[in-house]
Each structure stands twice: as C-alpha cells, then as structure tokens.
Amino acid sequence: MRVGGCGASATGRPPAGGSRHLPRRRCADRPRDVRGEGTMDAPTTTSGEYDTSDGGGWFASHPSSSPPPRGGDQETHAGAPAPPHVPERRTMPAPGAASADAARIRRTMAEIGPVADKVTSYFYALLFVRHPELRPLFPAAMDVQRDRLLKALLIAAEHLDNTAVLVDYLKNLGRGHRKYGTHAAHYPAVGECLIGALSQYAADWNRETEAAWVRAYTTISQVMIDAAAADELRAPAWWQAEVVTHDLRTPDVAVVTVRPDQPYPFLAGQYTSVETPWWPRVWRHYSFASAPRADGLLTFHVKAVTAGWVSRALVHRARPGDVIRLGPPTGSMTVDHTTDSGMLCLGGGTGIAPIKALVEDVAERGARRQVEVFYGARTDHDLYDIDTLLGLQQGNPWLSVRAVTDQQARLRLPDAIRVYGPWKEFDAYLSGPPGMIRSGVHALRDIGIPPGRIRHDSVEELLLAGD
Ligand SMILES: NC(=O)C1=CN([C@@H]2O[C@H](COP(=O)(O)OP(=O)(O)OC[C@H]3O[C@@H](n4cnc5c(N)ncnc54)[C@H](OP(=O)(O)O)[C@@H]3O)[C@@H](O)[C@H]2O)C=CC1
C-alpha cells in the first residue's frame with residue numbers, strides 16, 4: 001500500500017479552412033500548475049464530480065486470505081503512539097454508523113488541516129522507522145509524495161457518505177498501486193502509522209474517533225486490495241515502453257512516441273502514469289495524444305516545467321531507445337458513442353493531447369457528428385500541434401478547429417466559445433490548466449450546457465492528487 005504514491009506554436013500563420021484566430025488577453029495571474037510537473041494528472045469526470053486516480057493510497061487492510069503481519073512490526077518506537085488494532089476484515093458499516101464515522105473523520109480532517117504538513121511528516125517518519133522495508137517503495141525525494149497522503153485523505157473524507165464515488169475512487173487507487181510494487185501485506189503498516197500520526201495531532205482524539213478511523217481504514221483498504229487482486233488476473237502491474245520517436249516541437253514541448261512491450265488497451269481521452277529511468281519511482285500523468293493505433297504505438301505531449309523532474313527528463317533527455325514504464329490507463333473523458341450529439345472541445349496548451357485523441361476516435365467511427373475544437377495557447381509558437389489538427393480538419397468536414405492566441409485581445413480560451421454557438425445541444429470536453437478548466441466549466445454552464453454533459457480532468461484531483 002502506498003501512502004501517497006504507495007500507501008496516497010509553431011506555425012505563426014492563420015489556420016486554414018474554417019479556422020480562425022480569436023483574440024484574447026494575456027493574463028499575468030495564471031494559476032500555476034499545482035502538480036508541479038505541468039502534466040495531466042487528473043481523473044476525468046463530468047463537471048462537479050470526483051473520479052479516480054492514483055493520487056495515493058492510504059487506508060490499509062489486508063486481504064481476506066492472509067492475516068495482517070503484526071508481530072515485530074507492532075513495536076512502538078520512541079515518541080510513537082501504540083499502533084491501533086486493525087480488525088481482520090469488515091463488511092460495510094450500517095448506514096447510521098457510516099454517517100457517524102464520517103462525521104468523526106471529517107472532524108479529524110478539519111482539526112489536522114492547519115498542521116497537515118506536520119501530520120504527513122510524522123506519518124512518514126513513523127512508517128519508515130517502523131517499517132524500513134517499505135522505504136524502497138517510495139521515491140528518494142519525498143517532496144511531492146508527502147503531499148499526496150493528505151490530499152487523498154481529503155478526497156476520501158469528502159466522499160465517505162457517497163459509496164459509489166468512493167468505491168470507484170478506491171478501486172482505481174488499488175489498481176494504480178500495483179505499479180509501485182504494493183502488496184496487500186503493506187496495507188496494515190500504513191494504516192497503523194496513519195492513525196498513529198492522526199492521533200498525535202488531532203485535537204479531539206478519543207476511542208470513538210480511533211474506532212471510526214479503523215473501521216473506515218479497514219473497509220476502504222479492502223476495496224483497494226480487492227480491486228488490485230482482480231486487476232492482477234487481467235493486466236500487468238506496469239508496461240515497459242521503448243521511445244521510438246522524440247520530436248521537440250518547441251524549446252520545451254516534446255511529442256514522444258513509445259512502443260509498449262505488450263498490448264496496451266486504452267480508450268481515446270484516457271491518461272496513464274509514466275516513470276522514467278532517470279527518476280525511479282517518480283510517476284507523472286500524461287494523456288494519450290492519439291486514439292488507439294493499429295501498430296500499438298502510444299504518443300504523449302510533454303511540456304518541460306521549471307524544476308519538473310520527469311517532464312524535463314522526457315523533453316530534454318529521453319531519446320529513441322530509452323525505456324520508460326507505464327501504469328494502467330485510467331480516466332473517463334471518453335467519447336460517448338451512443339449519441340451523435342455535437343462535441344465542443346477546449347484544449348489549452350498540452351491539454352490539446354487528449355482532445356486530439358478524441359477527434360481521431362470520432363474520425364475512426366466514421367463521424368456523423370459535429371466536432372468543434374478550440375485550441376488555446378499563449379502565443380502562435382505555442383500552438384505546437386496545430387498542423388496536425390488542421391490536417392484532420394481538412395479531411396473531415398464535420399470538424400472545425402479554431403486557435404485562440406492573440407495576445408492583444410480581450411478573450412481567453414473559455415470566453416472564445418461565447419462568440420460562437422449555440423452549444424446547448426453539445427457535449428463539452430475540456431483539457432488544460434486547472435484555471436482554464438474552472439473558467440471553462442463556468443462559461444459552459446453559463447451558456448446552458450448541463451453539468452452532466454461537461455467532461456474534464458477533475459480540477460479537484462488536479463489540485464489534490466498531485467504527481
Ligand atoms: N500533457 C498532457 O497530456 C496533458 C496536460 N494537461 C494539462 O494542461 C496544462 C498545459 O499547460 P501549458 O501547456 O503550460 O498551458 P498554458 O499555461 O500555456 O495555457 C494554455 C491555454 O490555457 C489558457 N489558460 C490558462 N489558464 C487559464 C485560466 N485561468 N483561464 C482561462 N484560460 C486559461 C491559456 O491562456 P492564457 O495564456 O491567457 O493564460 C492558454 O490559452 C497543464 O496544466 C497540464 O497539466 C491536461 C491534459 C493532458
């Protein structure tokens with residue numbers, strides 16, 4: 001069980017055909033990529049929902065088939081609270097009990113909020129002192145990792161009473177943890193240390209609170225363990241993939257194509273996690289930039305972010321022949337082929353990657369639907385994939401691509417859609433920086449698209465999951 005990671009334009013010319021550059025204003029206060037890597041890192045969801053990701057596992061229990069290792073691992077170290085007893089297996093608590101537990105857990109989360117950094121540091125200290133054998137599962141530098149625990153906790157606490165959302169989230173966490181080398185036997189250690197850390201910092205920690213956490217921990221971790229076990233029967237924990245082409249489109253954006261060592265099934269619009277040989281155990285999320293291809297190759301768009309480890313390595317260091325690792329595909333920003341509603345797609349920066357995959361997907365089905373793409377970037381030079389999109393547009397009359405780049409004008413990407421439309425009957429897809437998604441959702445709702453028809457990488461996850 002990974003807490004955090006283990007236990008939690010280059011054209012400069014106007015677009016052709018029906019395309020059009022829209023004016024827009026530069027804005028100095030762009031929110032920074034909260035994930036620190038400029039990568040897509042979010043589950044995809046309809047507007048307002050959480051979805052799943054491998055933002056970090058935390059609750060731990062053990063498989064029903066093997067008892068938790070307690071023995072020597074239970075030893076209390078200096079300053080560390082005695083580990084709580086984690087029951088062997090639990091079924092879901094009765095609804096009333098679940099609500100009471102949820103209230104207690106939310107109270108704990110509120111109490112530790114102001115000292116979240118301390119709680120996480122204490123948690124990892126406990127974990128690595130009590131269970132040094134787990135240290136190799138985590139990256140050498142724990143900076144990003146540290147944040148993931150509390151973030152994952154917040155997501156789960158938020159949805160404690162919403163079984164369907166929580167179970168989906170946890171199943172995906174469980175599956176996603178396989179690539180870290182997480183085993184069912186790791187979960188109890190993590191759970192004990194988590195509760196140890198919470199009890200140290202929560203203002204109002206008592207037997208009931210601890211019991212509530214243990215119950216939640218046991219139940220939730222079981223979902224993760226079971227999901228991982230089921231996944232083991234049908235998919236590898238990770239894929240090796242060799243870089244076959246590396247195309248530097250701008251000084252900091254590369255289009256990287258890889259060949260997985262075995263078939264890699266996924267859907268257009270999904271994303272995966274990537275680990276490079278230069279930063280072991282540090283995983284970052286990227287969307288597939290193409291629909292599934294007959295030759296099995298996968299393509300990613302990577303922007304090197306200042307101080308980004310993985311993104312910089314992928315852009316500036318990776319070359320054909322290098323081998324990276326891929327986690328399982330995830331995300332649900334996929335095309336609903338049961339309808340022929342029009343699709344309104346907003347892609348900002350490298351967020352255009354999954355949008356391009358969606359367009360290809362529609363094209364492969366022999367589209368009977370209108371697809372309208374708005375591609376936003378800071379400057380013309382940042383529209384690194386406009387040629388591909390315009391090429392698609394040329395061969396497909398149902399597709400319209402508009403670039404939004406004029407730095408002098410007053411419109412930003414989400415505002416640009418207001419100039420066109422009407423969009424009421426369209427399904428909307430957004431992909432790009434969190435701020436763009438937020439203002440995009442706002443604009444789309446404003447023009448009458450119901451939340452259930454707006455899909456995007458969850459902003460909450462962008463903010464919470466971190467990678
Ligand atoms: N690589 C991948 O596979 C994927 C990446 N992503 C995410 O996409 C993002 C791409 O970053 P990058 O290429 O640097 O993009 P940029 O920061 O250059 O922004 C791209 C576009 O989005 C607009 N935008 C940014 N913030 C806002 C906002 N708050 N409101 C309205 N418009 C906004 C920009 O307008 P302006 O210049 O006016 O700010 C610009 O038009 C990253 O956050 C990445 O995580 C998402 C999915 C997949």
Side-chain angles (χ1 to χ4, degrees), residues 9-16 21 26 30 32-33 35-41 239-260 264 271-280 282-291 293 295-326 347-357 359-360 373 375-393 401 403-405 407 413 431-433 436 467:
S9 60
T11 66
R13 64 179 178 279
H21 266 65
R26 282 251 344 118
R30 166 208 318 279
R32 300 217 27 99
D33 180 349
R35 291 163 296 172
E37 273 289 335
T39 64
M40 200 290 276
D41 181 32
W239 286 253
Q240 307 245 43
E242 182 185 342
V243 176
V244 291
T245 62
H246 184 282
D247 182 10
L248 198 61
R249 295 281 181 89
T250 77
D252 57 6
V253 174
V255 172
V256 183
T257 300
V258 301
R259 180 185 292 113
Y264 190 102
Y271 62 93
T272 186
S273 33
V274 173
E275 182 208 48
T276 66
W278 305 285
W279 294 102
V282 179
W283 296 78
R284 298 287 189 255
H285 289 175
Y286 293 95
S287 294
F288 303 104
S290 294
R293 296 163 45 152
D295 60 9
L297 299 184
L298 308 170
T299 298
F300 302 105
H301 293 182
V302 186
K303 179 167 184 175
V305 171
T306 314
W309 300 346
V310 175
S311 65
R312 297 193 74 76
L314 284 169
V315 171
H316 298 305
R317 202 163 169 178
R319 292 292 172 264
D322 288 332
V323 175
I324 62 174
R325 284 205 296 162
L326 305 178
T350 53
I352 198 67
I355 300 292
K356 178 178 155 273
V359 170
E360 289 180 356
V373 173
Y375 179 10
R378 294 174 191 181
T379 69
D380 284 351
H381 294 287
D382 295 315
L383 289 172
Y384 64 88
D385 212 28
I386 191 71
D387 285 348
T388 317
L389 286 160
L390 294 179
L392 283 164
Q393 177 183 252
V401 177
V404 185
T405 64
Q407 292 174 309
L413 181 55
S431 172
M436 186 216 98
D467 197 16

Checking Phe288 now: which residues fulfil ring pair (Phe, Tyr, Trp, His ring centres under 6.0 Å) with it, not counting sequence neighbours?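 Ring pair (Phe, Tyr, Trp, His ring centres under 6.0 Å) check on Phe288 returns Tyr264, Phe266, Phe300.
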Contact summary for [X] and [Y], nearest pair of heavy atoms:
X: Ala313; Y: Thr276; result: CB-OG1, 4.4 Å
X: Ile352; Y: Val373; result: CD1-CG1, 4.1 Å
X: Val243; Y: Arg319; result: CB-O, 3.5 Å
X: Val253; Y: Val315; result: N-CG1, 4.4 Å
X: Pro433; Y: Gly348; result: CD-O, 3.9 Å
X: His285; Y: Ser273; result: CD2-CB, 3.3 Å

Using modelled atom types and a 3.5 Å cut-off, is there a donor and acceptor pairing between side-chain atoms of [X] and backbone atoms of [Y]?
X: Ser287; Y: Ala289; result: no
X: Arg259; Y: Glu242; result: no
X: Glu360; Y: Ala291; result: yes
X: Ser431; Y: Pro354; result: no
X: Tyr375; Y: Asp385; result: yes
X: His301; Y: Ala254; result: no
X: Gln393; Y: Val401; result: yes

Tell me, please, which residues at least two apart from [X] pass side chain to side chain donor-acceptor pair (under 3.5 Å).
X: Thr257; value: Thr245, Thr299
X: Arg293; value: Asp295
X: Asp322; value: none

Working to the nearest 0.5 angstrom, can you tell me the gap between Trp279 CH2 and Arg317 CZ?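 So the CH2 of Trp279 and the CZ of Arg317 are separated by 8.5 Å.
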Kindly compute the distance separating CZ (Arg249) from NZ (Lys303), expressed to the nearest 0.5 Å.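 NZ of Lys303 is found 15.0 Å from CZ of Arg249.
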For a quick check under 3.5 Å, do Ser290 and Lys356 share a side-chain donor-acceptor pair by atom type?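 Per modelled atom types, Ser290 and Lys356 side chains form a pair under 3.5 Å.
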Side chain to side chain contact (heavy atoms under 4.5 Å, CB included) between Arg325 and Trp283, intermediate numbers included: CA-CA 9 Å; Arg325 284 205 296 162; Trp283 296 78; 3.5 Å; yes
Check the pair Leu298 / Leu326 against side chain to side chain contact (heavy atoms under 4.5 Å, CB included), numbers first and verdict last. CA-CA 11 Å; Leu298 308 170; Leu326 305 178; 3.5 Å; yes
In the structure I gave you, are the side-chain heavy atoms of Val244 and Val258 within less than 4.5 Å of one another anywhere?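 No - every pair of side-chain heavy atoms lies 4.5 Å or more apart.
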Side-chain touch Thr405/Thr379, heavy atoms, less than 4.5 angstrom: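 Not in contact.
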Show your working on side chain to side chain contact (heavy atoms under 4.5 Å, CB included) between Ser311 and Tyr286 and close with a plain yes or no. CA-CA 10 Å; Ser311 65; Tyr286 293 95; 3.5 Å; yes
